[in-house]
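Computed over heavy atoms, backbone and side chain alike; hydrogens, waters and symmetry mates excluded.
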Amino acid sequence: ASELEQALLEERIDIAVHSAKDLPVVLAEGLAIAAVLPRADVRDVLVIPEGSRIPSVREYGRGIRAASDRKENSTGGIVREEQRPFVIGTGSRRRQLQAGQLWENVICENIRGNVDTRLRKLKDGSYDGIILAKAGTDRLGIGTGSGRSDEFVFCPLPPERFLPAACQGIIAVEAVQDSAVAALCRAITDAETELCFLVEREVLARLLADCSEAAAAWCRRERGGLVLDVMYAGIRQRLALQRGNPGGPDGYAVVQAMENPERKGIYQMETPCVTGNVNKESVYRTETAAALEMARQAAVLVKIGEKGQI
């Protein structure tokens, strides 16, 4: 168990508050996640010094700048300099892998320290850019519109192209399982965020991966249905959970999904289904069970894809 988990088990603290993306896949015995708070911005953000160059986007990744917030990206004076590699500071294997897929001529180097330390290293010229979680910069109040915006340009990265870590942007509360404190914490749980939290952690569990792996999972609701993007070792898969008639009026179908170049959206490839009742609580339980099945199927598909690369 970690130091915080040990303190929980020894009743020296009542709760431990975590950035959910940094939680171990398996908690210490006797502990549980008692609450998850509403999800913040899921995106990663490329931070570069004011007036400096930006990395060149690969052909398939065009639109990265257009998808970034215009206000956050509207500082003029940025010069594209392609003669030397663009050095990005990040210790995340997930970010390193996707940076190489998204941008041309980039080199990723490890960086350590808290956010202020990393920004100082960036300003000192140790890196051309660094990648941070936007939820973190927002919570610290150091993004666009802050006192640091005259020093740095903050460029949010589209999550469809640059997949976030599983549970990125989520705050989780850990407590002793079945304790009075855990029951009290349930009152602040956001149900929609909890569903995505469970799905994304199920992906990691099935992949036997943790936050140190080149793995990503992003679950969200689109057009009333759940969509899940998963990446593992560079292999991507998108699945969707659709509610429909197969198996009954409250059945759910896990479908393989992809972007249609002629029109946005997803289309159905196969329709295994799970059925449930019309009771609201039962529907929630049924949707959760179906969503976890979607996570398991996604993990299997990216694993198959990984083996096909070998």
Test item: side-chain donor near acceptor, Asp124 and Ser126, under 3.5 Å: no

Sidechain-backbone polar pair: Arg220 side chain, Trp218 backbone, donor-acceptor under 3.5 Å: yes

Hydrophobic cluster membership, Phe154 vs Leu132, 4.5 Å side-chain cutoff: yes

For the student: nearest non-hydrogen atoms of Asp44 and Leu163, plus distance: OD2-O, 4.2 Å

Flag, side chain of Arg12 to backbone of Leu4, donor-acceptor distance under 3.5 Å: no

Gln237-Gln256 side chain donor-acceptor pair, cut-off 3.5 Å: yes

N-O pairing of Asp128 and Arg53 below 4.0 Å: yes

Over 12 foreign heavy atoms within 6.0 Å of CD, Glu10: yes

Salt bridge flag under 4.0 Å for residues Lys121 and Glu109: no

Atom pair CD1/CD1 of Ile131 and Ile48 - distance to nearest 0.5 Å: 11.5 Å

Contact summary for Ala133 and Arg95, nearest pair of heavy atoms: N-NH2, 3.3 Å

Electrostatic pair Glu213-Arg94, nearest N-O below 4.0 angstrom: no

Joint hydrophobic cluster, Trp103 plus Ile54, side-chain heavy atoms closer than 4.5 Å: yes

Nearest heavy atoms of Leu226 and Cys219, plus distance in Å: CD2-SG, 4.1 Å

Basic-acidic side-chain contact under 4.0 Å: Glu160, Arg238: no

Close side-chain approach of Gln96 to Asn110, heavy-atom, < 4.5 Å: yes

Gln98 vs Gln101 side-chain heavy atoms within contact, under 4.5 Å: yes

Joint hydrophobic cluster, Val57 plus Leu46, side-chain heavy atoms closer than 4.5 Å: yes

